[in-house]
Asks: 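Let me give you the structure first, and then I'll get to my questions.
Bear in mind that the values here come from a model prediction, so they are computed numbers and not experimental data.
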Amino acid sequence: MRTFEEIQQAYIDELRLLQPELIEWWKNLAGLSKLSDPVPAEIANRWPTGYSGHPRVLSVFRKYYLEIDDVNQDALEAAQKPPPEKHPEELWGTNDNGDPIGYRRPLDLLILDIKTAAPDLHKLVAGIVYIPIGLNQFEEAV
């Protein structure tokens, strides 16, 4: 299982590969000469999130969101297991609160932290204004 940092880096790498294609698609769709040009109203109404709303961006986001959710679930399950029995002398001087739970919010790793981790992708992920994740009948992310 990957660490949160490895997941975030894989997400960044995948978005960096995808970004040039998305920029070209957006410029062609909106008839722009450069990305900073104003977007025509009919395009802005159809694509209010800009090129961040492209299905491939949302697919990449979902993939890594669900992977982070799996790591979080594993950490929570591991934290709920009772610690192994130790002789009282072995426990002398240890903290009985246990190890901290390794939990990270997917939104932090995939959107909020990108501004510092990968500034070149900030505009792309800042346009993800809703989370394309739902819950099934068992309250599991899908």
Side-chain angles (χ1 to χ4, degrees), residues 1-86 88 90-142:
M1 183 164 301
R2 296 196 281 190
T3 66
F4 292 120
E5 291 75 22
E6 291 170 337
I7 295 169
Q8 185 185 50
Q9 190 57 53
Y11 172 71
I12 288 169
D13 293 343
E14 194 164 338
L15 285 179
R16 278 192 177 133
L17 289 174
L18 186 58
Q19 189 176 31
E21 179 183 332
L22 293 171
I23 290 172
E24 281 305 309
W25 167 80
W26 181 248
K27 286 179 5 184
N28 290 335
L29 177 74
L32 307 175
S33 58
K34 56 187 176 199
L35 209 55
S36 60
D37 288 349
V39 178
E42 64 273 6
I43 301 298
N45 289 338
R46 171 70 173 92
W47 295 90
T49 62
Y51 68 116
S52 301
H54 192 282
R56 290 185 60 197
V57 174
L58 300 179
S59 175
V60 170
F61 179 87
R62 283 181 50 78
K63 173 178 152 183
Y64 290 99
Y65 184 104
L66 294 171
E67 186 174 354
I68 292 166
D69 188 57
D70 287 344
V71 173
N72 282 333
Q73 289 301 322
D74 290 347
L76 290 172
E77 289 171 11
Q80 292 173 351
K81 291 181 184 174
E85 290 294 322
K86 292 186 177 180
E90 291 179 44
L91 296 174
W92 182 257
T94 62
N95 183 350
D96 64 352
N97 293 334
D99 294 327
I101 297 173
Y103 182 89
R104 296 284 303 271
R105 288 180 353 135
L107 296 183
D108 290 338
L109 292 168
L110 304 179
I111 297 176
L112 302 177
D113 293 351
I114 297 300
K115 188 171 187 172
T116 55
D120 57 309
L121 295 174
H122 175 66
K123 187 173 181 176
L124 175 62
V125 300
I128 301 174
V129 295
Y130 69 95
I131 307 305
I133 303 292
L135 298 177
N136 65 13
Q137 70 269 26
F138 306 110
E139 298 294 315
E140 299 167 331
V142 292

Asks: Of all residues at least two apart in sequence or in a different chain, which pass the side-chain contact (heavy atoms from CB on, under 4.5 Å) check with D70?
Replies: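 Counting only residues at least two positions away or on another chain, D70 forms no side-chain contact (heavy atoms from CB on, under 4.5 Å).
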Asks: If the condition is side chain to side chain donor-acceptor pair (under 3.5 Å), which residues does Y65 pass it with, not counting sequence neighbours?
Replies: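 Partners of Y65 under the side chain to side chain donor-acceptor pair (under 3.5 Å) test: none.
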Asks: What's the separation between atom CD1 in I23 and atom NE2 in H54, rounded to the nearest 0.5 Å?
Replies: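 Here the rounded value is 12.5 Å.
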Asks: In Å, rounded to the nearest 0.5 Å, how long is the span from CZ of R104 to CD of Q8?
Replies: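 CD of Q8 is found 7.0 Å from CZ of R104.
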Asks: Is there a side-chain contact (heavy atoms from CB on, under 4.5 Å) between L15 and F61? Walk through the geometry before answering.
Replies: CA-CA 9 Å; L15 285 179; F61 179 87; over 6 Å; no
Asks: Can you pull the salt bridge (Lys or Arg N to Asp or Glu O under 4.0 Å) pairs that have at least one residue in residues 115-133, sequence neighbours excluded?
Replies: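 Qualifying pairs: R16-D120.
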Asks: Roughly how far, to the nearest 0.5 Å, is the CG atom of L124 from the CG atom of L22?
Replies: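 Spacing of CG (L22) from CG (L124) equals 6.5 Å.
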Asks: What's the separation between atom CD1 in I7 and atom NZ in K63, rounded to the nearest 0.5 Å?
Replies: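 Answer for the CD1-NZ pair, I7 versus K63, is 11.0 Å.
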Asks: Using the test ring pair (Phe, Tyr, Trp, His ring centres under 6.0 Å), find all partners of Y64 that sit at least two apart in sequence or belong to another chain.
Replies: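 For Y64, the residues satisfying ring pair (Phe, Tyr, Trp, His ring centres under 6.0 Å) (neighbours in sequence not counted) are Y11.
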Asks: Nearest 0.5 angstrom please: L121 CG to E14 CD, how far?
Replies: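 One gets 11.5 Å once the value is rounded to the nearest 0.5 Å.
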Asks: Sort and list the pairs that fulfil salt bridge (Lys or Arg N to Asp or Glu O under 4.0 Å) and have at least one residue in residues 38-48, not counting sequence neighbours.
Replies: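 Applying salt bridge (Lys or Arg N to Asp or Glu O under 4.0 Å) to every pair that reaches into residues 38-48, excluding sequence neighbours, yields nothing.
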Asks: Parallel, tilted or perpendicular, judged at 30° and 60°: which one describes the rings of W25 and W47?
Replies: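 Plane angle over 60°, so perpendicular.
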Asks: Could I get the full list of side chain to side chain donor-acceptor pair (under 3.5 Å) partners for D74, not counting sequence neighbours?
Replies: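 Listed in chain order: nothing, the list is empty.
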Asks: Which atom pair, heavy atoms only, marks the closest approach of N72 to P106?
Replies: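 Minimum heavy-atom separation between N72 and P106: ND2-CD, 4.3 Å.
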Asks: By salt bridge (charged side-chain N to carboxylate O under 4.0 Å, His left out), which residues pair with R2, not counting sequence neighbours?
Replies: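 By the salt bridge (charged side-chain N to carboxylate O under 4.0 Å, His left out) rule, R2 matches E67.
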Asks: Which heavy-atom pair separates S52 from G127 by the least distance, and what is that distance?
Replies: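 Shortest heavy-atom separation between S52 and G127 comes out as OG-CA, 3.3 Å.
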Asks: Identify all side-chain donor-acceptor contacts of residues 128-142 below 3.5 Å with residues at least two apart in sequence or on another chain.
Replies:
from: N136; atom 1: OD1; to: F138; atom 2: N; distance (Å): 2.9
from: N136; atom 1: OD1; to: E139; atom 2: N; distance (Å): 3.3
from: N136; atom 1: OD1; to: E140; atom 2: N; distance (Å): 3.0
from: N136; atom 1: ND2; to: E140; atom 2: OE1; distance (Å): 2.9

Asks: If you take all heavy atoms of V57 and L18, which pair is closest and at what distance?
Replies: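 Looks like N-CD2, 4.1 Å.
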Asks: Considering residues at least two apart in sequence or located in another chain, which fulfil the salt bridge (charged side-chain N to carboxylate O under 4.0 Å, His left out) criterion with D108?
Replies: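 For D108, the residues satisfying salt bridge (charged side-chain N to carboxylate O under 4.0 Å, His left out) (neighbours in sequence not counted) are R105.
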Asks: Can you name the residues that form a side chain to side chain donor-acceptor pair (under 3.5 Å) with E21, not counting sequence neighbours?
Replies: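 So E21 forms a side chain to side chain donor-acceptor pair (under 3.5 Å) with R56.
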Asks: With rounding to the nearest 0.5 angstrom, report the CG to CD1 distance, L109 to I68.
Replies: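 Output value for this atom pair is 4.5 Å.
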Asks: Under the rule for side-chain contact (heavy atoms from CB on, under 4.5 Å), what residues qualify as partners of L32, not counting sequence neighbours?
Replies: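 By the side-chain contact (heavy atoms from CB on, under 4.5 Å) rule, L32 matches W26, K27, A30, D37, V39, P40.
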Asks: Do Y103 and V71 make a side-chain contact, defined as non-hydrogen atoms from C-beta onward lying under 4.5 Å apart?
Replies: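 With C-beta onward as the side chain, the pair stays apart.
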Asks: List in chain and number order the residues that pass salt bridge (charged side-chain N to carboxylate O under 4.0 Å, His left out) with E6, two or more places apart in sequence or in another chain; answer none if no residue qualifies.
Replies: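 With sequence neighbours excluded, E6 shows a salt bridge (charged side-chain N to carboxylate O under 4.0 Å, His left out) to no residue whatsoever.
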